Amino acid sequence: MDNLRFEVVKDAFRKRPVEITPANVRPSELFGRLVFNREKMYKYLPSNVYEKMMEVMDGGERLDRSIADEVAKGMKQWAMENGVTHYTHWFQPLTEGTAEKHDAFIEPNGKGGMMEEFSGKLLAQQEPDASSFPSGGIRNTFEARGYSAWDPTSPVFIIDDTLCIPTIFISYTGEALDYKAPLLRSLRAVNNAAKEVCQYFYPDVKKVHTNLGWEQEYFLVDQDLFFARPDLMLTGRTLMGHDSAKNQQMDDHYFGTIPERVQTFMKDLEIHALELGIPVKTRHNEVAPGQFELAPIFEECNLAVDHNMVLMALMKRVASRHGFRVLLHEKPFAGINGSGKHNNWSLATDTGVLLHKSGKTAKDNLRFIVFVVETLMGVYKHNALLKASVMSATNDHRLGANEAPPAIISSFLGKQLSNILEHIEKADLKDIFTIKDKQGVELDITEIPELFIDNTDRNRTSPFAFTGNRFEFRAVGSEANCASALIVLNTAVAEALTNFKQRVDSLTAKGTPLDNALIEILREDIKISKPIHFDGNGYSDEWKQEAAKRGLDCEAVCPICFDAYLREDSVKMFENMNVMHRKELEARNEVKWETYTKKIQIEARVMGDLAMNHIIPVVTHYQSRLAKNINSMIKIFGQEEAKKLTARNVKIVKEIAERMQAIEMGVDELIEARKIANKIENQREKAIAYHDNIAVKMEEIRYEIDKLELIVSDDMWTLPKYRELLFIR
Ligand code: ADP
Ligand code: MG
């Protein structure tokens with residue numbers, strides 16, 4: 001029997017955990033081994049250059065060109081000692097992954113030989129051929145000029161034989177062509193706005209930084225099985241496949257024992273991640289069979305985003321050494337949970353105050369409430385935009401399904417915090433302030449600290465939940481660049497804090513005491529942002545109706561959700577906060593629509609190909625086998641008796657014929673619908689057409705194929721089945 005499926009299944013069963021060279025050093029010693037971090041800078045840079053680098057990294061000072069050469073020299077020395085021969089500017093274009101173009105250090109030495117060369121200029125700036133990256137028309141291919149510039153706040157690192165330099169990627173006219181440039185701008189915006197609000201409470205705060213702790217979910221599939229599934233290979237998800245009889249009903253996978261081969265992969269991955277300075281901490285099984293999670297300790301947002309991008313690439317490489325494929329797609333398998341990437345987000349000062357954490361004094365707690373409420377204000381005002389920031393053709397399968405947050409943004413606060421906000425909103429001013437001897441006014445909200453640590457009333461259905469000392473944005477997709485969501489979140493909160501300060505200042509200018517002004521505006525904002533606050537079951541149908549009544553954005557069609565980026569209030573927000581201007585937003589939306597279309601287009605092609613070249617031939621084959629059997633039965637038993645005896649087979653032959661017809665017709669319609677959609681010039685309209693007419697059709701075809709999978713003899717089926725993909729490891 002010449003069936004690839006059985007060969008790969010047999011091989012997969014035989015696989016044993018791969019030997020990994022056990023690191024004889026403690027994880028803490030591995031940490032950052034391949035990163036040109038402060039410790040290495042101290043060792044490899046002259047002390048004046050080191051000092052300057054610290055200012056650049058901490059204070060956001062510009063990197064002086066005159067020291068760039070010195071930095072490059074130290075870096076090169078360190079890199080070469082680690083066997084590095086190449087360098088690359090490493091950036092995050094608007095495709096989901098990262099991009100790099102490797103150049104060797106070697107240059108002619110003018111004497112007929114070669115020498116290793118790496119200058120400050122090469123470190124600071126490069127011109128990748130930008131025409132091959134999406135720009136949404138900002139830069140057409142004739143003037144393919146974009147450049148990448150080093151982001152010194154994210155340290156360079158070594159992968160294999162290459163020195164990777166994290167860079168922003170922008171056009172010559174300054175428009176962002178990547179995720180990092182606007183992310184850095186959004187971090188600056190939130191720093192500026194939060195710092196000023198902070199100074200009401202702590203005058204010595206000079207900087208507010210953003211924390212991000214992501215939790216990466218993923219699936220592992222045996223590599224050989226993966227290669228026997230063209231749909232997984234080409235689209236990252238299974239376009240067909242009947243449910244496994246057992247999947248996640250028993251809830252026996254979550255936090256269960258990690259299978260040995262997987263455990264070895266995880267260990268190996270962690271060693272590499274630690275070497276690259278990623279503070280990996282947690283690993284466990286996830287809800288679905290074959291699904292796992294990895295989470296590091298939170299870090300400064302820009303660095304955390306880079307680390308997530310590095311990690312996703314690393315996972316793929318390490319997995320293949322262990323005979324696995326990592327699936328980062330948000331929904332590789334229908335019928336079981338998909339993968340997300342919770343983004344734990346908070347603000348903190350350079351003086352060590354976590355702004356989203358309550359404190360011991362009245363002042364701390366007022367500050368805490370201000371930051372919580374203004375975060376809610378930002379999320380409320382821009383809830384449509386925030387949703388758009390996590391929407392994609394792939395995450396579309398997950399959002400709104402009964403496993404992930406719905407396609408409506410709301411925020412869970414928990415009982416305690418809700419009560420406190422209600423108290424502040426409704427209480428008499430006299431009740432909020434109690435006069436306390438010489439220290440002046442005291443707030444009646446001091447008693448909150450410890451209680452928050454206990455997050456017993458967590459709500460898994462909330463897309464944006466308060467979890468004690470941070471907010472957790474859960475709608476982010478597993479495959480996404482976190483920056484997309486964080487650009488919006490940071491900017492929205494920056495805007496809310498800016499507005500807050502303006503209103504407070506205008507009250508104090510009129511003579512209102514600061515505390516009263518703070519409380520007054522806070523009360524206003526608690527009221528205004530109330531519609532975003534929802535502690536109930538986000539999966540319920542009642543919530544959808546209720547959310548619509550509250551005026552929250554309930555649009556569920558992915559390409560239409562992107563419109564939120566171009567709404568006047570969004571453009572105004574991005575422009576006022578100096579994060580992006582209209583032209584950039586328009587261009588990025590073009591990319592989003594185009595990407596959406598392309599993803600569905602590829603899926604549709606693969607679906608057509610699989611249906612016609614894998615499914616139909618196999619099914620026809622099986623059908624003739626049955627037909628032959630019926631004929632021989634007639635020969636043996638005669639018409640009359642055979643009719644009774646072959647009734648079941650006759651029924652199946654008929655069912656197969658009908659389903660095959662439906663598939664063939666569906667594929668024809670799919671091709672036709674694509675032809676029509678492809679003629680549409682406008683990217684937005686085209687994406688909508690792909691959503692309305694093509695994605696739907698694929699589901700119809702899938703339905704028929706999955707039914708056939710149940711009927712056709714197992715020995716003939718060529719595509720690895722769900723039970724094999726999910727349980728063999
Ligand atoms: P969960 O129960 O959701 O899995 P964990 O305790 O594992 O939560 O934490 C998830 C992530 O949140 C980790 O990366 C952790 O470092 C991060 N985290 C914890 N506190 C904060 C905070 N104040 N701000 C940002 N991230 C945080
Ligand atoms: Mg979490």
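Worth saying up front: this structure is predicted, and the values here are computed from it rather than measured. Numbering starts at 1 and runs along the sequence shown.
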Notebook entry, point to check: Where the side chain of Arg237 meets the backbone of Glu603, is there a donor-acceptor pair that is under 3.5 Å apart?
Noted result: no
Note to self: Between Lys387 and Asp553, does the salt bridge (Lys or Arg N to Asp or Glu O under 4.0 Å) criterion hold? Intermediate values first, please.
What the structure shows: CA-CA 9 Å; Lys387 181 170 69 188; Asp553 187 87; 2.7 Å; yes
Next item on the list: Step by step, work out the side chain to side chain contact (heavy atoms under 4.5 Å, CB included) result for Ile615 and Leu719.
Entry: CA-CA 9 Å; Ile615 308 300; Leu719 297 174; 4.0 Å; yes
Check: Do Leu34 and Phe157 come close enough that some side-chain heavy atom pair is under 4.5 Å?
Finding: no
Notebook entry, point to check: Taking side chain as C-beta onward, heavy atoms only, is Phe464 less than 4.5 Å from Ser410?
Noted result: no
Check: Do Trp90 and Val310 have side chains that get closer than 4.5 Å, going by heavy atoms?
Finding: yes
Next item on the list: If a pair satisfies salt bridge (Lys or Arg N to Asp or Glu O under 4.0 Å) and one of its residues is in residues 686-700, list it, with sequence neighbours excluded.
Entry: Glu669-Lys697
Checklist line | Shortest non-hydrogen contact from Ala393 toward His397 | finding: O-CD2, 3.5 Å
Note to self: Within the 4.5 Å heavy-atom criterion, are Ile663 and Leu708 side-chain neighbours or not?
What the structure shows: yes
Next item on the list: Work out which heavy atom in Asp243 is nearest to a heavy atom in Ala334; give both atom names and the distance.
Entry: OD1-O, 3.9 Å
Notebook entry, point to check: Closest heavy-atom contact between Ala485 and Val476?
Noted result: CB-CG2, 3.9 Å
Notebook entry, point to check: Regarding Asn308 and Lys341, is there a side-chain donor-to-acceptor distance under 3.5 Å anywhere?
Noted result: yes
Margin query: Aromatic contact between Phe219 and Phe333, with the criterion being ring centroids under 6.0 Å apart: yes or no?
Written below: yes
Checklist line | Intermediate values then yes/no, side-chain hydrogen bond (donor to acceptor under 3.5 Å, both in side chains), Thr597 and Gln683 | finding: CA-CA 8 Å; Thr597 298; Gln683 291 293 356; 4.8 Å; no
Item checked: salt bridge (Lys or Arg N to Asp or Glu O under 4.0 Å) evaluation trace for Asp668 with Lys675 -> CA-CA 11 Å; Asp668 282 345; Lys675 274 190 197 149; over 6 Å; no
Notebook entry, point to check: Can you list the steps and then say if Asp396 with Lys331 is a salt bridge (Lys or Arg N to Asp or Glu O under 4.0 Å)?
Noted result: CA-CA 9 Å; Asp396 203 14; Lys331 193 78 183 176; over 6 Å; no
Margin query: We want to know whether Glu330 and Thr394 form a side-chain donor-acceptor pair, criterion being a heavy-atom distance below 3.5 angstrom.
Written below: yes
Notebook entry, point to check: Do the side-chain N and O atoms of Thr238 and Tyr722 include a donor-acceptor pair separated by under 3.5 angstrom?
Noted result: yes
Notebook entry, point to check: So how far is it from Arg659 CZ to Asp706 CG, rounded to the nearest 0.5 Å?
Noted result: 10.0 Å
Item checked: Nearest-0.5 Å distance that lies between atom CG in Leu399 and atom CD1 in Ile409 -> 7.5 Å
Note to self: For Gln92 and Asn481, which I'm curious about, is there any donor-acceptor pair between the side chains at under 3.5 Å?
What the structure shows: yes
Notebook entry, point to check: Got Asn589 and Trp593 here, is their nearest side-chain heavy-atom distance under 4.5 Å?
Noted result: yes
Next item on the list: Check step by step if side chain to side chain contact (heavy atoms under 4.5 Å, CB included) holds for Phe265 and Ile20.
Entry: CA-CA 9 Å; Phe265 155 76; Ile20 52 170; over 6 Å; no
Check: Say you draw a straight line from CD of Glu658 to CD1 of Ile656; how long is it, rounded to the nearest 0.5 Å?
Finding: 11.0 Å
Margin query: Can you tell me how far apart CE (Met266) and NE2 (His322) are? Round to the nearest 0.5 Å.
Written below: 11.5 Å
Next item on the list: Go through the side-chain N and O atoms of Glu472 and Asn343 and say whether any donor and acceptor fall under 3.5 Å apart.
Entry: no
Check: Taking C-beta and beyond as the side chain, do Leu276 and Ile159 meet within less than 4.5 Å on heavy atoms?
Finding: yes
Note to self: So does Asn537 get a backbone contact from the side chain of Ser540, meaning a donor-acceptor N/O pair under 3.5 Å?
What the structure shows: yes
Check: In Å and rounded to the nearest 0.5 Å, what is the OG to NZ distance from Ser392 to Lys592?
Finding: 8.5 Å
Notebook entry, point to check: Could Glu594 and Lys598 be called an ion pair, given the rule that one side-chain N must be under 4.0 Å from one carboxylate O?
Noted result: yes
Item checked: Residue among Leu269, Asp268, Val18 satisfying side chain to side chain contact (heavy atoms under 4.5 Å, CB included) with Arg321 -> Asp268
Next item on the list: Determine the minimum heavy-atom distance between Tyr179 and Ala483, stating which atoms define it.
Entry: CB-CB, 3.8 Å
Note to self: How close do Ile705 and Trp717 get, counting heavy atoms only, and between which atoms?
What the structure shows: O-CH2, 4.0 Å
Item checked: Any side-chain donor near an acceptor of the partner, Thr162 and His102, under 3.5 Å -> yes
Note to self: With heavy-atom distances below 4.5 Å as the criterion, would you say the side chains of Val8 and Leu4 are in contact?
What the structure shows: yes
Next item on the list: Write down the atom of Val390, the atom of Asn395, and the distance for their closest heavy-atom approach.
Entry: O-ND2, 2.8 Å
Notebook entry, point to check: Any side-chain donor-acceptor pair under 3.5 Å between Asn344 and Glu215?
Noted result: yes
Check: What's the spacing between Leu327 CG and Phe226 CZ if we round to 0.5 Å?
Finding: 6.5 Å
Margin query: I'd like to know if the side chain of Glu293 pairs up with that of Thr282 as donor and acceptor (distance under 3.5 Å, no hydrogens or angles considered).
Written below: no
Note to self: Contact between Tyr218 and Met312 at the side-chain level, heavy atoms closer than 4.5 Å - yes or no?
What the structure shows: no
Notebook entry, point to check: Any donor-acceptor pair under 3.5 Å linking the side chain of Ser632 with the backbone of Lys628?
Noted result: yes
Note to self: Can you tell me which residue among Lys10, Arg14, Lys15, Arg229 is in a salt bridge (Lys or Arg N to Asp or Glu O under 4.0 Å) with Asp224?
What the structure shows: Lys15
Note to self: With salt bridge (Lys or Arg N to Asp or Glu O under 4.0 Å) as the criterion, how do Asp714 and Arg5 come out once you've worked through the C-alpha distance, each side chain's angles and the decisive distance to 0.1 Å?
What the structure shows: CA-CA 10 Å; Asp714 188 56; Arg5 176 178 152 227; 2.8 Å; yes
Notebook entry, point to check: Passes side chain to side chain contact (heavy atoms under 4.5 Å, CB included), Arg325 versus Met233? Steps please.
Noted result: CA-CA 10 Å; Arg325 268 289 162 148; Met233 251 171 72; over 6 Å; no
Notebook entry, point to check: side chain to side chain contact (heavy atoms under 4.5 Å, CB included) between Ile701 and Met607: does it pass, once the steps are laid out?
Noted result: CA-CA 8 Å; Ile701 300 173; Met607 171 61 99; 4.0 Å; yes
Notebook entry, point to check: Are a donor atom and an acceptor atom from the side chains of Asp715 and Asn3 found within less than 3.5 Å of each other?
Noted result: no
Check: Do other residues, nucleotides or ligands put more than 12 heavy atoms under 6.0 Å from Tyr703 OH?
Finding: no
Margin query: Using the salt bridge (Lys or Arg N to Asp or Glu O under 4.0 Å) criterion, which residues pair with Lys643? Sequence neighbours excluded.
Written below: none
Item checked: Glu724 side-chain N/O to Leu225 backbone N/O, donor-acceptor pair under 3.5 Å -> no
